[in-house]
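Single-structure report; data block below.
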Amino acid sequence: MTKPIYILNGPNLNLLGLRQPEIYGRETLEDVADACAALAEELGLSIRFHQSNHEGQIVDWVHEARLQGAGIVINPAAYTHTSVAILDALNAFEGPVLEVHISNVHKREAFRHHSYVSLRAEGVIAGFGTEGYLLALRRMKTLVTT
Ligand code: DHK
């Protein structure tokens, strides 16, 4: 059995589809989870899809992935711009890490232009809407199989 890809989501993404749809779109996080599950099946990957509003919970999932996961796709949401703790946890993970942002953070406020997670991520996808998760999963397939 191959190890799963962890798809981790940070604060407020539980409100996806409801909050600021002009920025984040109308799809819910459940829609994203379903689309990721369908693509993962097509690609022959297994996934663990999680969301939390709590930094420590995300750190704990990264630690779990360290023992059980093949790769991590992460949208740390606001923690992207603040969390040394998540960066440190990702630095303790040995597999590939891909960073996803639904919106184009570089087109937004200056405080969203810096990402701690980018210091660790193999790649970053921003501004592709929720499709970014699917693009990241396709890239992850390449990274874990080559
Ligand atoms: C989501 C958030 O909640 C913001 O805090 C980030 C990110 C951007 C996104 O585009 O997915 O700045």
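Whatever order the structure lists ligands and atoms in, that order sets their numbers, starting from 1. Since the model is a prediction, treat every value here as computed from it, not as a measurement.
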Legend entry - Protein contact of atom 10 (O) of ligand 1 - nearest heavy atom, named by residue and atom, plus distance: Ser103 OG, 2.6 Å
Inset, instruction - Give the intermediate values and the outcome of side chain to side chain contact (heavy atoms under 4.5 Å, CB included) for residues Leu137 and Ile47. - result: CA-CA 10 Å; Leu137 213 43; Ile47 59 168; 4.2 Å; yes
Inset, instruction - Quick one: look up the protein heavy atom nearest atom 9 (C) of ligand 1 and list residue, atom name and how far away it is. - result: Ile102 N, 3.3 Å
Inset, instruction - For atom 3 (O) of ligand 1, grab the closest protein heavy atom and report residue, atom and distance to one decimal in Å. - result: Arg19 NH2, 2.7 Å
Legend entry - Donor-acceptor contact below 3.5 Å, side chain Gln51 vs main chain Gly10: yes
Inset, instruction - Answer yes or no: does an N/O atom from Ala78 fall short of 3.5 Å to an N/O atom of ligand 1? - result: yes
Legend entry - Contact summary for Thr2 and Ser46, nearest pair of heavy atoms: O-OG, 3.9 Å
Legend entry - Under 3.5 Å: N/O of His101 near N/O of ligand 1: no
Legend entry - Identity and separation of the nearest protein heavy atom to atom 8 (C) of ligand 1: Val105 CG1, 3.6 Å
Inset, instruction - Answer whether the closest heavy-atom distance between the side chains of Asn75 and His101 falls below 4.5 Å. - result: yes
Inset, instruction - Name the option, out of Arg108, His113, Glu109, His81, that contains the heavy atom nearest to atom 12 (O) of ligand 1. - result: His81
Inset, instruction - Look at atom 4 (C) of ligand 1 and say which protein heavy atom is nearest, naming residue and atom and giving the distance to 0.1 Å. - result: Arg112 NH1, 3.3 Å
Legend entry - ligand 1 contact by Tyr24, heavy-atom criterion under 4.0 angstrom: yes
Inset, instruction - May I have all residue pairs that pass side-chain hydrogen bond (donor to acceptor under 3.5 Å, both in side chains) and include part of residues 20-29, sequence neighbours excluded? - result: Tyr24-Arg108, Glu27-Thr130, Thr28-Asp31
Inset, instruction - Could you establish whether Thr80 and ligand 1 come within less than 4.0 Å of each other, counting only heavy atoms on the residue side? - result: no
Legend entry - Polar side-chain atom of His50 near backbone of Leu8 as donor-acceptor pair, under 3.5 Å: no
